[in-house]
Amino acid sequence: MELNSLKDAFDRVSKKQKLSYSKTQEVMDQIVQKIEKAINEMQSGTLDYKSVLAELKKKLHEIAPLSQLEGTQKELNIALSKYPKALEKVLNSDISKAYRNIEFDSHTVNQIIASHFYRQGLFEVGDCFVNEAGDAEAVAPMRSLFQELYQILESMKSRNLEPALKWAAANSDKLKENGSDLQLRLHHLQFVKILQKGSRDEALKYARTNFVSFAGNHMAEIQKLMGCLLYSDRLHESPYAHLLSPTNWDIVAEELTRQFCNLLGQSYESPLSVTIAAGVQGLPPLLKFMTVMAGKKQEWQSMKQLPVPVELDKEFQFHSIFVCPVSKEQSTDDNPPMLMSCGHVLCKQSINKMSKNGSKSFKCPYCPTDIDAAQCRQLNF
């Protein structure tokens with residue numbers, strides 16, 4: 001990716017800056033040391049001022065700070081001068097070349113943007129946006145749900161688990177269907193919180209009340225928590241000290257957010273964030289392609305799929321794709337993958353071409369089986 005080259009250029013500047021800073025600090029320490037030594041000699045009264053200052057001048061001349069700093073500063077200036085060129089090369093400000101005239105469902109786009117604000121807890125900003133967009137009624141239910149999530153997470157930040165436990169209890173059946181142990185993990189945090197206060201009897205009572213229903217599938221974890229009771233007054237010095245880590249709260253908060261969004265039918269990551277992040281990765285190769293195809297913009301507008309391969313990171317790959325081993329083209333709605341009787345798969349257009357539009361059988365390119373095009377079945381990934 002072109003952004004990697006930009007990161008490399010930035011790293012080079014950062015490295016040169018650190019070297020220059022280190023060298024400057026070293027030289028300054030030498031100068032300060034000599035000056036402090038001269039001051040001490042003058043204050044002692046054993047030497048006259050003129051001889052001390054003359055010796056100081058000689059020492060500073062030997063240090064030659066400008067000569068020492070010249071090399072590293074020059075390297076830093078060279079790296080800095082190259083960095084703006086790298087920025088101009090990669091971050092083309094005119095992205096309209098890669099724009100396609102596609103009709104958007106403005107209502108859906110407005111919902112995605114409003115949802116992003118509400119996910120971040122920016123309810124006033126979200127309300128302002130939907131009011132100006134005229135979609136306030138459509139996103140009102142979503143706002144109230146995300147406000148509930150935000151309030152739960154804010155309570156967890158202040159180590160109040162009551163709202164989270166109440167929500168998990170109300171949705172326990174759905175959480176079990178998703179295979180989530182969120183409810184137990186919340187009780188786990190509450191148990192440790194009680195025990196941390198030194199209330200062993202209260203912690204034991206809490207465990208008897210809330211852990212019984214989880215014993216069938218989580219006995220090992222519950223037994224570990226019971227072991228904590230032996231160290232109620234010195235839990236931070238016990239083998240279970242890791243249970244006090246604030247990271248445990250962050251992990252549970254993340255799982256709660258994930259499950260909350262899942263039950264809403266929403267993705268854990270903001271669709272707007274994912275779209276922008278994927279676009280940042282995909283934009284450079286498209287801009288490069290359009291620079292080459294500058295005189296054929298109409299052709300780009302009419303294409304049904306991307307004209308160049310755009311490699312995105314795995315977190316942006318949500319759907320399986322099929323590339324025909326014969327034509328080397330990616331399948332589409334008009335050219336879907338077809339399963340042949342031998343178990344191998346080709347795209348429909350390749351099968352039509354090899355069978356002369358179904359008028360004759362043909363041999364599979366990967367095995368000696370004779371294939372009848374009429375017996376091929378469409379695959380859906």
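Since we're looking at a predicted model, the values are computed, not measured.
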- Same apolar cluster: Ile351 and Tyr366, side chain cutoff 4.5 Å: no
- Message: Taking Glu154 first and then Lys157, would you say they form a salt bridge - that is, a charged N and a carboxylate O separated by under 4.0 Å?
- Response: yes
- Quick check, are the ring centers of Tyr118 and Phe123 under 6.0 angstrom apart? yes
- Message: Could you check whether His218 and Phe211 have their ring centres less than 6.0 Å apart?
- Response: no
- Provide the closest heavy-atom pair for Leu229 versus Phe191 in the form atom of the first, atom of the second, distance. CD2-CZ, 3.9 Å
- Item | side-chain contact (heavy atoms from CB on, under 4.5 Å) between Met142 and Ser115, intermediate numbers included | CA-CA 7 Å; Met142 178 172 56; Ser115 170; 3.6 Å; yes
- Item | Other residues, nucleotides, ligands: >12 heavy atoms within 6.0 Å of Lys59 NZ | no
Expected list for residues 256-278: side-chain donor-acceptor pairs under 3.5 angstrom, two or more places apart:
from: Thr257; atom 1: OG1; to: Ala253; atom 2: O; distance (Å): 2.9
from: Arg258; atom 1: NH2; to: Glu254; atom 2: OE2; distance (Å): 3.3
from: Gln259; atom 1: OE1; to: Asn178; atom 2: ND2; distance (Å): 3.3
from: Gln259; atom 1: NE2; to: Glu255; atom 2: OE2; distance (Å): 3.0
from: Ser267; atom 1: OG; to: Glu269; atom 2: O; distance (Å): 2.6
from: Ser270; atom 1: OG; to: His116; atom 2: ND1; distance (Å): 2.7
from: Ser270; atom 1: OG; to: Leu272; atom 2: N; distance (Å): 3.3
from: Ser270; atom 1: OG; to: Ser273; atom 2: N; distance (Å): 3.4
from: Thr275; atom 1: OG1; to: Pro271; atom 2: O; distance (Å): 2.7

- Could I get the full list of side-chain contact (heavy atoms from CB on, under 4.5 Å) partners for Ala215, not counting sequence neighbours? Met219, Ile222
- Query: Is Lys7 salt-bridged to Asp11, cutoff N-O under 4.0 Å?
  - Reply: yes
Show me the donor-acceptor pairs, under 3.5 Å and distance only, between side chains in residues 27-38 and residues at least two apart or in other chains.
from: Asp29; atom 1: OD1; to: Gln25; atom 2: NE2; distance (Å): 3.4

- Item | side chain to side chain donor-acceptor pair (under 3.5 Å) partners for Arg143, two or more places apart | Asp127, Gln147
- Task: Starting from the C-alpha separation in whole Å, work towards a yes-or-no answer on side-chain contact (heavy atoms from CB on, under 4.5 Å) for Cys367 and His344.
- Result: CA-CA 9 Å; Cys367 67; His344 291 114; 3.7 Å; yes
- Query: Can you list the residues that meet the side chain to side chain donor-acceptor pair (under 3.5 Å) rule with Ser245, with sequence neighbours excluded?
  - Reply: Thr247
- side-chain contact (heavy atoms from CB on, under 4.5 Å) between Ser14 and Lys18, worked out: CA-CA 6 Å; Ser14 178; Lys18 289 178 181 178; 3.7 Å; yes
- Message: Test of understanding: with side-chain contact (heavy atoms from CB on, under 4.5 Å), list the residues that count as partners of Thr72, not counting sequence neighbours.
- Response: Ser20, Lys23
